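Owing to the predicted nature of the structure, the values given are computational and were not obtained by experimental measurement.
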Amino acid sequence: MGDRISKANMLLLILVCLAQFLEVMNSSTVTVALPAIQSALHMNTNSLQWIVTSYVLTFACFLLIGGRASDLIGRKRVLTLGLAIFAAASLAGGFAMNPVWLIASRAIQGIGAALSIPAAMSLISTSIPEGAQRNKAFAIFGALGSGGFAAGSIVGGLLTDSLGWRSLFFLNVPLGIAIIIGLVFVKERPMEQKNKQSIDLPGAITVLLGIFILVYGLSMPDVDGSWSTTKIVTLIVGSLILVGFVFIEKYAKNPLMPLRLFRIGSLVSSNIIGFLMYSFMTAFIYFSTLYFHALGYSSLITGLAFLPLGLSSVLATQITPYFMRIFGAKMLLIVSQLVNALGLFWLSTMSMDSVYAAFILPVFILLGLSTAAGFTAIIVGSVRDVRLEEHGVAGGIVNTFLQLGGSLGLSILATVASSVTASATDASSNEAMLSGFQTALVVGGCFALFALLLALLSLRKKKAALLQA
């Protein structure tokens, strides 16, 4: 059959990609609508931050549980449940009359997304044959995530200006229901009876608490360009709880996260590189948004500025499987991280007079291609050597690493930027802010170089293993 996906699997792929697209799009639409939400609900800046933070917290906390649940009780069932929770929470958010109501709705949305994403990934990896077909499927899955971000920025600006911010939440309801209806016609690979085990409750509670405290600590604002003592203590406590989680998993009868998975070299290297990639890409998007705001771009124009980033990611779906088939996932990781590093170093030379079409647009296109290719290689590598019955938890692990990488990277690089800005003679000037962005992007480029080094080392180990064989 080559790299052509069957009709039955194509329906499954379309639906899980739409689920991914919907949930990523929702995140960027809400970000664009934050000023309108702040005005309508009379929120202060600290409360406004929790509209984003509450979603990230629950999403990161429940990813491992979502992944393990999909392995134990059925991937399609968990995906359907996650979409139903997401749609219901969106409906509630659209009717929110006060900040607490909206923040709670966003937190529940995060739970729904955390159940959906690992289940969607494992549906792909367990239903579509390994090789060219699966590589192509994951390329489409990853690119639609990037496409969802770009589309969300534009849709968010258009709907907020025309119908109001509540329409962004209501939009999720019919879309979520349509995907759920479509899933009725999808046949899932039968699960083996022996894999139907109980959830590791002590492990679930510990990982929920540990990741919650860790991500909460990372979301704490900096004080004068540095981490506060409270933030550092919170991060230490969260890390210690996660160490305790590892010990619980070591002796658990049915562990939430089987530690033997971390003996799989491809899974470990993919997760670490993904952690690093999301650390600098999340910060890159954040700084780019602030940069465009400083240039006077409106919400809609900012969304249009990001559009080439998303479109080039979609384009990558057509070329990534071809290059992966010829050169392999690890070589693709090497090239993608090299392009990421060069792109960030190039953007670090930006000024307030930089011309978008000549200076930023080419780099956005290249970064869109490289991140989509890198994401595909990471996902393929994370499940390649994992048993089919554990693809769900493998998906949960890789997404947890991505989320933690994004949170930690943004916190570190935002601290770097604010420290440089605060040390300037006129800290409130655009030049001081720009200097902070430039320094943070240089540090982000160094993260990409470190990811490149790890990819090179993993490729070398693979060649050594082949020679020994």
Side-chain angles (χ1 to χ4, degrees), residues 3 20 63-64 67 117-118 120-143 145-146 257-281 313 316-317 319-340 369-406 447-448 450-466:
D3 61 352
Q20 158 93 332
L63 275 168
L64 279 177
I117 298 300
M121 286 176 55
S122 59
L123 271 173
I124 293 175
S125 61
T126 57
S127 302
I128 298 178
E130 185 178 4
Q133 291 185 43
R134 189 183 295 175
N135 294 346
K136 183 176 182 180
F138 274 129
I140 296 171
F141 184 77
S146 299
M257 185 182 71
L259 297 183
R260 66 176 180 277
L261 292 177
F262 290 93
R263 297 174 191 157
I264 301 173
S266 57
L267 181 142
V268 173
S269 60
S270 295
N271 276 279
I272 295 175
I273 294 170
F275 179 93
L276 289 168
M277 192 175 84
Y278 262 60
S279 71
F280 58 75
M281 288 308 299
S313 296
T317 64
I319 59 177
T320 296
Y322 173 76
F323 285 108
M324 191 177 293
R325 186 165 61 247
I326 297 175
F327 300 108
K330 291 195 174 183
M331 183 57 71
L332 205 62
L333 267 182
I334 291 170
V335 174
S336 66
Q337 299 315 308
L338 177 61
V339 173
N340 286 338
L369 293 170
S370 64
T371 52
F375 177 82
T376 303
I378 287 166
I379 298 303
V380 169
S382 68
V383 299
R384 186 182 64 218
D385 300 320
V386 178
R387 294 185 301 191
L388 282 178
E389 62 267 24
E390 293 180 328
H391 276 205
V393 70
I397 291 171
V398 69
N399 276 283
T400 300
F401 269 73
L402 296 179
Q403 285 299 308
L404 291 178
F447 285 4
F450 186 43
L452 171 62
L453 176 62
L454 292 177
L456 286 168
L457 289 174
S458 65
L459 181 64
R460 184 177 179 182
K461 288 180 180 179
K462 181 181 178 182
K463 287 183 177 179
L466 289 174

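Contact record, Ser336 with Ser370: CB-O, 3.3 Å, taken as the closest heavy-atom pair. When all heavy atoms are compared, the tightest approach of Met277 to Phe375 is CE-N, 3.8 Å. Ser313 approaches Thr371 most closely through the heavy-atom pair OG-OG1, 4.3 Å. Residues Gly67 and Pro118 share a closest heavy-atom pair of CA-CB, 3.6 Å. Summarising the geometry of Phe447 relative to Ser279, their closest heavy-atom pair is CD2-OG, 3.4 Å, with the distance given to 0.1 Å. Residues Leu402 and Gly274 share a closest heavy-atom pair of CD2-O, 3.3 Å.
The distance from the CZ atom of Arg260 to the CD1 atom of Ile264 is 8.5 Å, given to the nearest 0.5 Å. Between atom CD1 of residue Ile378 and atom OH of residue Tyr278 there is a gap of 8.0 Å, rounded to the nearest 0.5 Å. The CE atom of Met257 sits 4.0 Å away from atom CZ of Phe262, with the distance rounded to the nearest 0.5 Å. Note that CG of Leu333 and CG of Asn340 are 10.0 Å apart. Values are rounded to the nearest 0.5 Å.
Remark: the backbone N or O of Ser266 is paired with a side-chain donor or acceptor of Ser269 at under 3.5 angstrom.
With a 4.5 Å cut-off on side-chain heavy atoms, Leu123 and Met121 do not count as touching. Side chains of Leu332 and Val380 form no contact here, defined as non-hydrogen atoms less than 4.5 Å apart. Counting only heavy atoms from C-beta outward, the side chains of Leu369 and Ile319 approach each other to under 4.5 Å. Side-chain contact between Ile397 and Phe401 is present, with heavy atoms from C-beta onward closer than 4.5 Å. Side chains of Ile273 and Leu276 form no contact here, defined as non-hydrogen atoms less than 4.5 Å apart. Using a 4.5 Å heavy-atom cutoff, the side chains of Ser270 and Val398 are not in contact.
With Ile334 as reference, Leu452 is the one residue of Leu452, Leu454, Leu453 to meet the side chain to side chain contact (heavy atoms under 4.5 Å, CB included) rule.
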